[in-house]
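Below: the structure, in C-alpha cells.
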Amino acid sequence: MNEHKIAVYVNGKLIGQYYDSGEKLLNLLREQRRIGRLSDQINFSYNPKLKSFYVNTDRGRVRRPYIIVKNGKSMLTDEIKDQLVKGEINFKYLLDNGIVEFLDAGEEENAYVALTEDEITEEHTHLDFDASTIYSVVTASLPYSNHNLSVRNTMACSQTKQALGMYVSNFNIRMDSRSHIMYYPQVPLVQTAAYDFLNLKKRPAGQNFVVAVATYYGYTMKDAIIINKKAIERGLARTVQFKTYKITELMYPGGQKDKFQIPLPTTSGYRGEESYKYLDEDGLISPEVPVSGGDVIVGNTSPPRFLEEISVFGVTEEKRRENSLSIKSGDKGIVDSVMVTNGIDGNRMVKVRVRDIKVPELGDKFSTRHGQKGVIGLIVPEEDMPFSENGIIPDLLINPHAIPSRMTVGHLIEMLGGKAGSVDASIKDGTAFTGDDFESFKKVLADHGFDEYGEEVFYDGLTGKKVKMKIFMGVIYYQRLHHLVSNKIHARSRGPVQLLTHQPTEGRAREGGLRFGEMERDCLVGYGASMLIKERLLDESDKATILVCNQCGSTAVHDYIRNRNYCPVCDSTDVSIVEVSYAFKLLLDEIKSIGIFPRLITSDKAE
Amino acid sequence: MRGKKGKFIVPGDPVGTIAAQSLGEPGTQMNMRSFHYAGTAEAVPTGLPRVIEVVDARRTPKKPMMDIHVKERYAKDEKKVRKIANNLEHVTLHKIAGMMEDFDKKVILIRVNPSELKRLGLDMRLIRAKIVEFLGNKAKVEQRENKVRIKFSKKEKIINIRKTMNKLKLLHIKGIPRIEKAMIIKEGEKYFIRTGGSNLAEVIKLPEIEVGTVWTNDIMEVNKVFGIEAARNAIVKELKIIMDSQGLPIDIRWLLLLSDAMCKSGTIQAVGRHGLSGHKAGILARAAFEETMKHLVNASIKAEEDKLSGVTENVIIGQIVPIGTGIVKLKFASGRGTQKAKK
Ligand SMILES: [Zn+2]
C-alpha cells in the first residue's frame with residue numbers, strides 16, 4: 001500500500017495523500033472538468049517519477065487551448081465544424097461540451113498532442129488546432145518560417161518589432177512622445193493565418209518591393225542594399241516622424257508661477273529677439289512653422305530663484321529667469337500641432353508635436369521577414385538600374401551572397417509567392433507547414449508568361465549590355481526599421497565639456513565626443529606613438545595648467561590683486577607652472593579629501 | 001631580442017603591450033570556441049580555462065597529468081611498460097578492500113578483494129605486514145585468507161578506532177603517491193605511460209624511465225624539482241600546446257616574454273592583482289589597476305615617491321609616455337658655448 005502513496009498538492013501546498021494510481025485520478029478529474037462539474041480553469045498534472053499529483057487553480061498560469069482526442073478520434077467532428085461555420089455554436093460551446101480544453105504548462109506534460117488530424121493514434125490525448133500554433137504571436141506572422149533556420153526566425157521576429165508602419169489610425173490626434181507613420185503602408189502579398197487573427201491587415205508595417213537578387217558593382221557588399229531612386233521619389237518606404245515636446249507652467253512655493261510668454265529683454269538668460277521670432281503673443285509657436293535644433297517653441301519665464309535679489313543699485317527688482325522650451329540639437333521638422341491643456345496637477349501644460357518627413361537615405365536599415373537585414377548602400381537613378389527584358393526595373397537589389405550561407409529558403413519562396421500573387425492578383429498563404437506550396441507558384445508564373453523559377457533576362461542599366469546570367473526577381477515584403485541615419489548621425493570637432501572633469505561630454509544628445517578608450521590607447525602604445533597619445537588624451541581633452549609650490553609640493557594659487565603666485569601652505573612664492581590633465585588635478589583633490597597629502601616634486605624640464 | 005631576419009627590436013618598442021595584444025586577441029576567439037565543448041566526459045581544461053590556470057600560477061592544475069617515457073630498450077615491450085605503469089599507480093588500502101568497523105566488539109574488519117590482489121600482483125602477507133607495521137602494538141592483527149581482523153583492547157576509545165580506520169583507509173600499499181591512474185599509450189612502435197595525477201619528484205627516481213623525457217603539466221612541481229629555469233620553459237611549452245591545439249598561430253617570442261616576466265623574481269608570479277600588476281613600481285599604476293584605496297593609503301603611510309616612469313602614470317598626469325618616440329630625450333650641456341648631447 002505504501003508503495004502507491006501519491007502526494008497531492010494544491011497550488012504547490014501539500015494537502016494529503018492518495019492511495020491509488022495517479023493516472024486514474026488524473027483521468028477522473030479531467031472527466032469531471034470536461035462535463036462541467038469542475039471549473040475549466042483548474043488544471044491537473046501527475047508526475048509518476050516524483051509520485052506527486054498537482055492541482056493548480058491559481059492565477060498567472062499560461063494556458064492554451066487544445067482539441068480533446070478520445071480513443072484516437074478528434075472530438076471536433078465534421079458535424080461540429082459545420083455548425084461552427086454556420087454560426088450556430090461558438091467557442092464557449094466547445095469549451096463547455098468537452099470538445100476543447102485549456103492546458104497549463106504542468107498539464108501539458110501529461111498530454112500527447114498530435115499536430116495534424118491524420119497523425120492521431122490511440123495514444124494521443126489532444127490535437128492542436130493547427131501546426132503553426134506552436135509559434136508565438138510574432139513568429140506566426142512570418143511566412144514560410146518552417147523553411148528557415150531558427151536563428152533567422154528569431155532575428156526576423158526582433159526586426160519585425162522594429163518595423164515602421166501604421167500602428168494606430170488615430171495618429172493625427174495622438175501626442176506620442178515619439179512615433180513613426182509610414183506614408184503608403186501595404187498589406188503583404190504573402191500572408192499567414194495569423195494576419196487575420198491578429199488584425200495585422202489593419203496595421204501594416206512595410207511594403208511589397210520588387211526585388212532582384214543581383215550585385216551592383218561593389219555597393220551591395222556586406223548586406224548593403226541598392227534602392228531605386230525613382231521608387232523612393234514615388235514614396236517607397238517613406239515615413240514621417242512625430243516628436244512631442246512638453247512643458248508645464250510650474251507653481252513654486254510662495255505663490256509664484258512660471259509664465260508662458262515671449263520673454264522680456266530684461267529676463268536673465270535672454271536669448272535675443274531673433275530666438276523668439278516664431279512665437280505668437282501667447283508665447284507659443286504656430287503650427288506649420290519650420291523649426292530646427294535650438295529654436296524656441298514655447299517661451300517661458302520662471303520666477304527668480306531668490307526673493308528680492310539686491311542689485312548693484314540697491315533697489316529690489318523682480319528679475320525673471322528665461323526657462324523656454326526649445327528643439328533638441330540635431331533635430332528639425334515642422335510644427336505639426338500645438339496642444340494646450342491641464343496637467344494632472346492642474347497646471348497649464350503645452351505639448352508641441354513636430355513632424356519630420358524621413359525619406360529613405362544612405363544608411364537607413366531595411367529587413368525582410370526572414371532576418372535578412374541590410375542598410376542602403378547606394379541610391380541609384382532609375383535609368384542606371386538593371387532592367388529585365390520585359391522592362392521591369394526592380395525597386396531594390398539584394399546581394400546573392402546573403403542567401404546561401406544563411407539558408408533562408410523561406411525568403412526565396414516568399415519572393416516567388418509575391419511574384420505569383422502580383423501577376424494573378426491574389427494574396428498567397430505563407431503559413432508555416434500548411435501554407436501554399438511553392439509548386440503552385442511555378443504554375444501561376446508559367447501561365448502568365450514568366451519563368452516558373454522566377455529568373456529573368458536582365459540588361460545592365462549603365463552599359464545597356466545583356467547580363468550574362470539570368471537574374472532571380474520577385475516581390476517580397478520589406479520592412480523599414482526605425483534605425484534611421486538622420487536620428488543617429490553624429491560628429492564633433494569642438495564642443496561642450498563636462499563640468500566635473502573638463503573632459504568632452506558623451507553622447508549624441510550632448511554633442512559629445514567619441515571615447516578614446518583604454519584599448520585604443522593600448523594600440524597607440526603598441527605603435528610607440530607617444531606624441532599622438534598625449535595629443536588625444538591631453539591636448540584634445542582636459543588640458544589644464546596648475547601651479548605647484550617648489551618648496552612643499554602642494555598646489556599653489558595666483559593672487560590677482562597683488563599679481564603674484566604663492567603657496568597657501570608655506571607662503572612661498574617659489575612656484576612652477578605645470579601642465580597636467582584636469583583629471584589628475586581632480587585626483588589630487590580627491591586624495592587630499594581622504595586625508596592624504598600628495599606632494600608634486602618639481603624639476604627642470606630640460607633635465 | 002633578435003627577430004626572424006636578424007633584426008633587432010628597437011629600443012623603446014613596447015614589447016609588453018604587443019605581447020599582451022598578440023596573446024589577448026586570439027584569446028577572445030578561443031573563448032568563443034572552446035566553451036562549446038563544455039560537458040564532455042573528460043573535463044581536462046583546454047583553451048582559455050587552461051591559459052588562465054597557467055597564467056594565474058595556480059598551485060596545482062585542475063587535472064594534473066604526466067607523460068612518462070620508459071628507457072629505449074623497454075619502449076617496444078608492451079608487457080614491460082604495462083608492468084611499470086601498474087607499479088606507478090598509487091594503491092591505498094580502501095581501494096582494494098572493503099572495510100568496516102564494529103564499535104561494540106572494538107574491531108576493524110578488512111576484506112581484501114582477491115581479483116584486485118591478482119591484478120596488482122600483491123599477496124596477503126605483504127598487506128598484513130603493511131598493516132602490522134602501521135599499527136605497531138596498538139592492536140592485534142589476525143589474518144585468515146583475504147580477511148584481516150584488527151582487534152583493539154576492550155578499553156579502547158571509539159574515537160581512536162575511527163581515527164585509526166581513517167588512517168588505514170589511506171594506507172600506502174604500493175605505487176607512487178598522487179598518481180591516481182596510469183595508462184599506456186601506443187605511439188608508432190613505442191609505448192609510453194600517461195598518468196592522472198602528478199608526482200615528478202618520485203617518478204624521476206624510478207630506474208626504468210627516461211628522466212629527460214618526463215613531462216608534467218604541473219608547473220609549480222617543475223619549479224620545485226628542477227628550478228625556475230625549467231619552470232619558465234614549462235610555462236612556454238604549456239601555452240604553446242594550448243595555442244597549437246586551438247589552431248591559433250602565436251609567435252613563441254611573446255610566450256617567452258610572458259614566461260620571463262612571470263619568472264623574473266625567481267618564483268612564479270601570477271599575472272594580475274596578486275602577482276605582476278600588484279608589484280608594479282608606480283603607485284599610480286597600481287592604484288589605477290585595482291584596489292585603489294589600499295595602494296594609496298599604503299603609499300602614504302610609507303611616504304612613497306612615484307618616479308612617473310611607467311605608461312599608466314604618464315597617461316594619468318598627461319605627460320608623454322616613455323615608450324616608442326617618447327623614450328628619446330635630448331640633453332644639453334650648457335656652458336662654454338659648446339653643445340653636446342649627453343646620453
Ligand atoms: Zn608650499
Side-chain angles (χ1 to χ4, degrees), chain A residues 501-503 516-546 548 552-553 555 576-607, chain B residues 9-25 28 254 283-284 287-289 292-308 310-334 339 341-343:
Chain A
T501 60
H502 288 201
Q503 286 170 1
F516 189 82
E518 212 173 337
M519 294 177 88
E520 289 76 14
R521 184 209 71 174
D522 286 345
C523 282
L524 294 193
V525 171
Y527 280 108
S530 317
M531 308 302 155
L532 184 51
I533 296 175
K534 189 191 164 240
E535 181 179 283
R536 280 291 108 201
L537 268 37
L538 187 77
D539 304 338
E540 304 288 284
S541 179
D542 57 347
K543 189 162 151 179
T545 312
I546 59 168
V548 177
C552 71
T555 40
S576 298
I577 299 163
V578 182
E579 239 173 44
V580 293
S581 68
Y582 191 81
F584 179 61
K585 186 237 160 205
L586 198 68
L587 175 70
L588 291 180
D589 291 345
E590 289 192 12
I591 290 174
K592 280 174 210 162
S593 76
I594 58 170
I596 297 171
F597 179 40
R599 294 167 190 268
L600 299 182
I601 302 161
T602 51
S603 61
D604 254 337
K605 207 178 180 183
E607 259 182 278
Chain B
I9 296 266
V10 182
D13 250 14
V15 283
T17 304
I18 301 172
Q21 290 179 346
S22 306
L23 288 166
E25 196 275 337
T28 58
W254 306 129
I283 307 153
L284 287 175
F289 179 58
T292 311
M293 278 302 274
K294 186 185 111 183
H295 287 299
L296 287 180
V297 170
N298 285 345
S300 74
I301 291 168
K302 292 185 226 159
E304 272 186 68
E305 189 181 324
D306 195 324
K307 292 287 185 191
L308 302 178
V311 174
T312 321
E313 298 93 306
N314 282 288
V315 168
I316 290 171
I317 62 161
Q319 293 298 311
I320 287 161
V321 289
I323 221 102
T325 51
I327 206 163
V328 191
K329 274 178 189 154
L330 264 184
K331 282 199 173 179
F332 294 104
S334 55
Q339 290 183 353
K342 284 186 199 167
K343 198 179 182 181

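First the proteins, then the strands, lettered A, B, ... as listed; each starts at 1.
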Please list all pairs meeting salt bridge (Lys or Arg N to Asp or Glu O under 4.0 Å) that have one or both residues in residues 580-602 of chain A, counting only residues at least two apart or in different chains. A/K585-A/D589, A/D589-A/K592
On a heavy-atom basis, which atom in A/M531 and which in B/T325 lie closest, and how many Å separate them? CE-O, 3.8 Å
Closest non-hydrogen atom pair between B/G324 and A/S530, with its separation: C-OG, 4.3 Å
So what's closer than 4.5 Å to chain A heavy atoms on B/I301: side chain, backbone, both or neither? neither
Tell me, do B/N314 and A/I533 make a side-chain contact under 4.5 Å, heavy atoms counted? no
Between A/L532 and chain B, with a heavy-atom cut-off of 4.5 Å, which part of the residue counts as in contact: side chain, backbone, both or neither? neither
Under 3.5 Å: donor-acceptor pair, side chain of B/Q319, backbone of A/E579: yes
In short, B/I323 meets A/V525 closest at the heavy-atom pair CG2-O, 4.0 Å
Atom pair OH (A/Y527) and CG (B/D13), whose distance is rounded to the nearest 0.5 Å: 12.0 Å
Find the distance between CZ (A/R521) and OG1 (B/T17) and round it off to the nearest 0.5 Å. 7.5 Å
Could you check A/K534 against B/V321 for side chain to side chain contact (heavy atoms under 4.5 Å, CB included), going step by step and ending with a plain yes or no? CA-CA 8 Å; A/K534 189 191 164 240; B/V321 289; over 6 Å; no
Closest approach of B/P14 to A/G526 (non-hydrogen atoms, all atoms of both residues): CG-O, 3.4 Å
Heavy-atom cut-off 4.5 Å, strictly under: side chain, backbone, both or neither for A/A583 against chain B? neither
Counting only heavy atoms closer than 4.5 Å, note whether A/I601 contacts chain B via side chain, backbone, both or neither. side chain
Determine whether more than 12 heavy atoms belonging to other residues, nucleotides or ligands lie under 6.0 Å from atom CZ of A/F516. yes
How long is the span from the CG atom in A/L600 to the CG atom in B/D306, to the nearest 0.5 Å? 11.0 Å
Chain A contact via B/V311 - which portion, at a heavy-atom distance below 4.5 Å: side chain
Which atoms of B/I316 approach chain A - backbone, side chain, both or neither, heavy atom under 4.5 Å: both
